[in-house]
Amino acid sequence: MSTHIRKKDLWSCLFLLCFWVFPLLYIGLTKKEISFFPRPLCYLQRVAFLFTNGIQQWPVYYFQALPENSEDWITLREEEYFQLQPFGYRTRIYQMFLPFVHYAMGYESQWQKTSLERNEELAAWLKQRYEAIHPQSLRLKAIQFVVVYYDINENFSLEGHWRPPPLEFFAPEKIKILSTHHF
Amino acid sequence: MKKIKLPQLREFFFASVDTVRLDAFRMCLAASMLLYFADWWKQGAEEWLTTEGFHISKEALPYHPWYVAPLSPEFLPWFGMLLFGSLTAVMVGWQARWTVWLALGVTVYATLVDQLSAFTLNKLAIAGFLVLALATKGHYWSIERGSPQKQSVWPIRILQITLILQYFTAGWSKAAYGDWLGHPYVFWEQLHGFYRTDLAAWLLREIPKPGWGIVQWLGLIFELLSPALFGFPALRVWGFMIGGIFQILVALTMYKLIYFSLVMFCFYVVFIPDPLLHRIRLSFRGIFSKKKFAGPTST
């Protein structure tokens, strides 16, 4: 029995085979983008690289602010600025900082190239928001982002769901500055 | 419409089939995305979609340079109506041929407006809605009355291939580009971090470490064997059982990944035989009013 094929079905099927199925397979197997495809399209077709590597040290990020007339950094309460938790007990800003996500997905070059610009934009936004939320407080002269690598083999809490410890929990030598932004 | 003939493989891609599988997929995908977006909305719609939240400029985007401007806060209620209205319409099959394009548009917008909160789930949903936009008939699982129709099987094939490739390339990337072959405790380590739910914490305390190595191997073998498990009808029941356990484990141990599992389960629907889907549909019809669901009582 012959099957009659409508033109719309044929072209729709070919379109999805060429622009969805083939790239899904190619990118998934090679971890490379298709050079002649637009980058946003390759981004949409990159669905394979999930949980590919072990993580013995989980990064915990903190935002710190330096008020005018002060030499002491204050640690900002992240929940005052970010509420949305897209997958996992972490804010969306974590996704911006996490190196292993970008390395696993093959975005390290684009991510590294623009990471300082992103941090500067975030610092400027945090300063503006801080001064709007705390109008009585001193204005800020700097914002910095710090990270602590929380080793799962060292004193790691497994009580309940993930809760990042306060910065004071960690020894000072474990705290690393990602970037500092002066205004 | 003018019809053309092709000589080979046409039965596989273009045989005429009942629309029940694609309609069931449409209903499930729209319902899953409705739940997912409702959760994001409840957590912080302004942060996510509007200029009130922090959004990266075009020059500093981390993944691709396609910049989509966030909404002005006063447009948020209108966008919400469009987002939830279109998804609800697609879910209940109201004017599905047209409303699915709206659902596709709002999903693309919500994915591109914030690269920090869009994940694999969004990409799979975009592909799913695109297939539906090009092919949906919207007869079963619909509030509209109409007569049963046939359609070409290619949308079902594209969705089936998508599920198989998603699993297989995920396994391949773990084995070829990740640590999974050389390090038996990748999954154990991944569960320690910020995905960890209360249940995951309890399991990590109770299950000895070597047990996690076995879980990891089973997961990897399932993903790599998924073309056989879902491709051969005789093995499909195993694919459903192992895959079901796999997705439920992910949903229970990793916070918010229940939405990822829900969308993955939507793709399982297109592997279910038509008679079983009709039986399920008729069971639902028995629960709800007969007026709400159109279509024949038997096939």
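Letters A, B, ... are given to chains in the order of the sequence lines, protein chains preceding strands, and every chain is numbered from 1.
Both the backbone and the side chain of A/Q85 come within less than 4.5 Å of a heavy atom of chain B. Of the atoms belonging to A/L126, not a single heavy atom falls under 4.5 Å from chain B. At a 4.5 Å heavy-atom cutoff, the contact between B/Y36 and chain A is made by side-chain atoms alone. For B/Q216, no part sits under 4.5 Å from any heavy atom of chain A, backbone or side chain. With a threshold of 4.5 angstrom between heavy atoms, A/L98 approaches chain B through side-chain atoms but not through N, CA, C or O. Only the side chain of B/I126 comes within contact range of chain A, with at least one heavy atom under 4.5 Å from a heavy atom of that chain.
In this structure, the separation between CZ on A/R92 and CG on B/D114 is 4.0 Å, given to the nearest 0.5 Å.
Taking the ring centroids of B/W40 and A/F87, they lie under the 6.0 Å cut-off. Here B/Y255 and A/H161 keep their ring centres 6.0 angstrom or further from each other. Residues A/W162 and B/Y195 keep their aromatic ring centres 6.0 Å or farther apart. B/F54 and A/Y81 have their aromatic ring centers separated by at least 6.0 angstrom.
For the residue pair A/P40 and B/W66, the shortest heavy atom distance occurs at CB-CE3, 2.8 Å. Contact record, B/D179 with A/G54: OD2-N, 2.9 Å, taken as the closest heavy-atom pair. The two residues B/W172 and A/G28 make their nearest non-hydrogen contact at CD1-O, 3.4 Å. Residues A/Q56 and B/H183 share a closest heavy-atom pair of NE2-NE2, 4.2 Å. In terms of heavy atoms, B/F13 sits closest to A/C13 at CD2-SG, 3.8 Å. Between A/L158 and B/R196, the shortest heavy-atom distance links the atoms CD2-NH1, 3.6 Å.
A donor-acceptor contact shorter than 3.5 Å is absent between the side chain of A/Q83 and the backbone of B/E47. Side chain of B/E189 to backbone of A/I55: a donor-acceptor contact under 3.5 angstrom is found. Side-chain atoms of A/E117 never come within 3.5 Å of backbone atoms of B/A60 as a donor-acceptor pair (strictly under, hydrogens ignored). Remark: side-chain polar atoms of A/K8 are paired, donor with acceptor, to backbone N or O of B/L134 under 3.5 angstrom. Under the 3.5 Å distance criterion, the side-chain polar atoms of B/Y177 are matched with a main-chain donor or acceptor of A/L29. A/W125 places no side-chain N or O within 3.5 Å of a backbone atom of B/H55 that could act as its donor or acceptor partner.
If you tally non-hydrogen atom pairs under 4.5 Å between each of B/N122, B/L124, B/T120 and chain A, the highest count goes to B/T120. When B/G171, B/A176, B/S57, B/A118 are compared by the number of non-hydrogen pairs under 4.5 Å with chain A, B/S57 comes out ahead. Listed options A/Q45, A/R90, A/R39 were ranked by heavy-atom pairs under 4.5 angstrom with chain B; first place goes to A/R90. The choice from A/L50, A/T114, A/L116 that makes the most heavy-atom pairs within less than 4.5 Å of chain B is A/T114. For chain A, the option among B/R205, B/Q151, B/H192, B/K256 with the highest count of heavy-atom pairs below 4.5 Å is B/H192. Ranked by heavy-atom pairs under 4.5 Å with chain A, the first of B/I258, B/I161, B/L257 is B/L257. Considering only heavy-atom pairs separated by less than 4.5 Å from chain A, the leading option among B/P62, B/G44, B/G178, B/G53 is B/P62. Annotation: maximal heavy-atom pairing with chain B below 4.5 Å, among A/L44, A/L25, A/D9, occurs at A/D9.
Put simply, the side chain of B/S152 does not reach to within 4.5 Å of the side chain of A/R6, judged on heavy atoms. Side-chain contact between A/L16 and B/W154 is present, with at least one heavy-atom pair separated by less than 4.5 Å.
The neighbour count for A/Q136 CD, taken as heavy atoms of other residues, nucleotides or ligands under 6.0 Å away, does not exceed 12.
Judged by a 6.0 Å distance limit and a 45° cone about the ring axis, B/K123 is positioned over the six-membered ring of A/Y43.
A/L84 pairs with exactly one of B/E46, B/Q43, B/K42 by the side chain to side chain contact (heavy atoms under 4.5 Å, CB included) rule, that one being B/Q43.
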- Give the C-alpha distance, both sets of side-chain angles, the deciding distance and a yes or no for side chain to side chain donor-acceptor pair (under 3.5 Å) between B/T162 and A/W20. CA-CA 9 Å; B/T162 297; A/W20 174 247; 2.9 Å; yes
